[in-house]
Asks: 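The structure that follows is given in the form of structure tokens.
Keep in mind that the numbers below use all heavy atoms, side chains included, and drop hydrogens, waters and symmetry copies. We count ligands from 1, going down the list as the structure has it; atoms in each ligand are counted the same way. Note that the numbering runs from 1 along the sequence shown for the chain.
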Amino acid sequence: MHRTHHCGELRIENKGEKVILSGWVQRVRNKGGLLWIDLRDRYGITQLLCEEGRTSEDILKVARKVGREFVLQAKGEVVERFSKNDKMATGDVEIFIEELNILNAAKTPPFTIEDDTDGGEELRMQYRYLDLRRPAVREKLKLRHQLMQATRRFMDSSGFLEVETPVLIKSTPEGARDFVVPSRVHEGEFYALPQSPQTFKQLLMVSGFDKYFQIVKCFRDEDLRADRQPEFTQIDCEMSFVEQEDILNTFEEMVKYLFKEVKGVEIGDFERMTYDQAMKLYGSDKPDIRFGMPFVELNQYAQGKGFNVFDQAELVVGINVPGAAEYTRKQLDALTEYVKRPQIGAKGLVYVKCNEDGSFKSSVDKFYGQEDLKAWAEAAEAKAGDLLLVLSGDIDHTRKAMNELRLKMGAELGLRDRNVFKPLWVLDFPLLEWDEETKRFHAMHHPFTSPKPEDMEFIESDPGRIRANAYDMVINGVEIGGGSIRIHDKALQQKMFKALGFTEEEAQKQFGFLMEAFEYGAPPHGGIAFGFDRLCAMFGGSDSIRDYIAFPKNNAGRDVMIDSPSTISSEQLKELHLSIK
Ligand code: ASP
């Protein structure tokens with residue numbers, strides 16, 4: 001028998017018992033005639049003890065050889081500790097060693113296996129299997145496991161069937177590049193890895209599965225940003241005979257259930273906002289509504305007073321930062337520098353301080369009198385002691401910049417509390433999005449998203465105006481999930497492909513199978529997919545999805561542990577009918 005107990009198990013009640021423990025050496029302390037070994041496994045740490053004079057020389061010899069991360073088996077008696085440690089679950093006891101076996105020696109690890117490690121990110125990723133020994137890291141994966149199990153419980157009890165869909169497929173249009181896999185058997189032909197199971201889940205609806213889900217890997221060859229992984233996990237779902245409202249209700253319930261089960265948090269009902277409102281009030285399709293500071297459009301108050309910058313702007317927009325009138329010159333300069341950074345790209349920042357005495361002080365006093373500034377303040381519902389921050393320029397850029405500034409102010413004022421969760425549905429996304437580079441429309445969600453029937457009249461005349469039955473779930477400014485009601489009619493789907501600039505042949509080649517399926521009785525259907533890694537990070541109170549993935553890739557899309565991507569042999573290339581320039 002390797003062990004009778006694990007290393008987190010023994011308590012004072014076990015005093016006097018003979019036990020066997022196995023695990024890794026956390027640390028060894030040798031003081032005078034006493035030698036302690038902290039033995040660690042997944043469940044905790046137990047202290048082992050030997051003592052010169054009482055412990056046999058053979059055992060002491062072994063114990064003195066032991067180093068960090070050796071794998072040991074120790075047999076002995078549970079004894080009460082002389083000095084107890086109330087920070088450890090097993091801190092009342094230790095094991096007086098009667099037999100000690102080294103099951104495996106270990107090289108000294110390249111960083112300390114402690115929550116507070118001295119190892120840098122790259123080194124820890126290279127030795128991820130050692131990093132995973134750290135309790136804090138293991139806890140994150142445990143949280144992931146719990147979320148996964150809770151998801152399955154909810155979906156199962158709600159009548160969803162988990163169906164696996166293939167990984168070697170052909171292109172799915174989620175707006176990224178495909179990873180492709182060359183076929184050895186079919187020269188010159190390629191599989192693509194799924195960007196999502198989108199087309200398959202729709203086919204499952206045609207098959208009558210009614211309610212489908214899958215916790216599934218998706219692959220997108222996108223430019224890497226800080227918090228992106230080329231492969232990631234979705235909770236992917238689809239339902240038949242539903243309208244948008246049914247989907248919103250079902251998945252609101254799911255997310256409430258997950259918060260309750262896994263975090264013990266009751267989150268309230270979800271707010272709802274249209275895409276247009278979100279853009280107008282927050283300059284973002286994923287607003288963080290843990291705090292207010294909505295945008296106030298000031299064109300009517302600020303234009304025509306001789307301030308050229310505002311007069312020429314498409315949009316003059318402000319936010320009211322409560323209680324911030326005391327910001328110093330230095331702080332305001334720092335904010336100006338912040339909005340002028342190239343990533344944000346504003347040309348400057350105008351402020352109005354609402355002084356306690358009812359007067360106003362602004363950076364544009366030359367152009368605006370007290371009455372003018374009062375009108376701004378009233379429009380923004382600013383009170384004495386508040387600070388208005390104003391940006392101007394073309395609508396899209398200005399909203400984007402103001403979104404960043406609003407988030408920054410929310411953070412500076414401590415309003416973005418990680419323990420507060422404010423969920424939101426953003427509804428009525430545009431169906432299409434104009435791409436300046438390619439000079440054509442793209443599906444904002446994907447080409448299977450159904451337009452709002454009442455907007456279909458614009459399909460030829462003004463396609464950009466059509467709204468979709470598409471929705472995103474946003475929590476605390478993070479897009480957690482998104483989906484849509486689908487087109488289930490072949491003719492409409494064809495129209496959609498046409499609007500997206502597909503020729504009939506292209507559409508047929510890429511999605512002919514789906515359009516054909518629609519001719520065999522496709523039910524009305526819709527669905528949603530959640531970014532599972534992101535959900536884990538949110539539950540764990542972290543910004544990084546990488547922490548919640550057992551073996552993640554780095555910022556450059558590399559797995560530095562297994563060294564991938566890597567070259568392949570010329571034989572392999574030949575077999576695959578490939579040559580590399
Ligand atoms: N397939 C979509 C995505 O991955 C989600 C959906 O429409 O259900 O974003």
Asks: Below 4.0 angstrom, N of the basic side chain to O of the carboxylate: do E252 and K256 qualify?
Replies: yes
Asks: Should the pair E297-K280 be classified as a salt bridge under the 4.0 Å nitrogen-to-oxygen rule?
Replies: yes
Asks: Can you tell me how the ring of Y282 sits relative to the ring of F295, calling it parallel under 30°, perpendicular over 60° and tilted otherwise?
Replies: tilted
Asks: Indicate whether any N or O donor in one side chain lies under 3.5 Å from an N or O acceptor in the other, for Q126 and E122.
Replies: no
Asks: Using a 4.0 angstrom limit on heavy atoms, which residues are close to ligand 1?
Replies: E174, S196, Q198, K201, R220, Q234, H445, H446, G482, G483, R486, G527, I528, A529
Asks: Please work out whether the ring planes of Y129 and Y127 are parallel, tilted or perpendicular, with thresholds of 30° and 60°.
Replies: perpendicular
Asks: Using a strict cut-off of less than 4.0 Å between a Lys/Arg side-chain nitrogen and an Asp/Glu carboxylate oxygen, indicate whether K286 and E479 qualify as a salt bridge.
Replies: no
